[in-house]
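Structure first, commentary second.
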Amino acid sequence: MLKPAPKNIHVTQKTVSVSCDNCSKLTEIEGVRVCFENGKIIRLVEDTSATPLLKMYCHAWQKDLTKNSNK
């Protein structure tokens with residue numbers, strides 16, 4: 001039997017940027033892209049506005065060395 005989830009859970013989300021694709025903090029869980037930042041899980045969502053702004057800089061960005069194709 002599932003226990004009811006606490007009502008005080010706050011889900012943080014940010015707009016996904018192009019730079020997320022090569023960041024070691026990015027992972028995908030059950031089809032949802034998430035970022036691990038300062039001990040928190042942040043859901044990454046697409047920008048659905050008419051004029052999307054790609055935020056190219058993230059203060060927590062870390063290079064993903066596992067995606068290095070220049071061996």
Side-chain angles (χ1 to χ4, degrees):
M1 183 171 155
L2 294 174
K3 294 181 181 179
K7 294 183 180 180
N8 60 352
I9 293 177
H10 177 69
V11 177
T12 303
Q13 66 182 30
K14 290 183 180 178
T15 303
V16 67
S17 73
V18 173
S19 63
C20 290
D21 289 335
N22 58 1
C23 180
S24 64
K25 294 178 175 271
L26 173 76
T27 193
E28 190 169 318
I29 301 172
E30 296 185 357
V32 177
R33 288 183 285 180
V34 295
C35 174
F36 296 98
E37 183 182 334
N38 298 325
K40 297 178 183 173
I41 299 174
I42 300 168
R43 181 176 183 224
L44 298 172
V45 296
E46 296 292 332
D47 188 354
T48 59
S49 67
T51 55
L53 298 175
L54 295 178
K55 296 180 180 172
M56 299 301 290
Y57 175 76
C58 175
H59 68 278
W61 185 87
Q62 291 182 354
K63 183 176 182 178
D64 187 351
L65 300 175
T66 63
K67 293 182 182 177
N68 187 0
S69 62
N70 298 334
K71 291 183 179 181

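Heavy atoms only: backbone and side chains are in, while hydrogens, waters and symmetry mates are out.
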If I take atom CG from residue Asn22 and atom CG from residue Leu65, how far apart are they, to the nearest 0.5 angstrom?
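Going from CG on Asn22 over to CG on Leu65, the span is 10.5 Å.
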For the atom pair CD (Gln62) and SG (Cys23), what is the distance rounded to the nearest 0.5 Å?
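Here the rounded value is 6.5 Å.
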Any residue meeting side chain to side chain donor-acceptor pair (under 3.5 Å) with Glu37, in chain and number order, not counting sequence neighbours
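In terms of side chain to side chain donor-acceptor pair (under 3.5 Å), with neighbours along the sequence ignored, Glu37 is linked to Lys14, His59.
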Minimum-distance pair of heavy atoms, taken over all atoms of Ser24 and Asp64:
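Smallest heavy-atom distance, with atoms named: N-CB, 3.6 Å.
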Please list every donor-acceptor pair under 3.5 Å in which a side-chain atom of residues 26-35 meets a protein atom from a residue at least two apart or in another chain.
from	atom 1	to	atom 2	distance (Å)
Arg33	NH2	Glu46	OE2	2.1

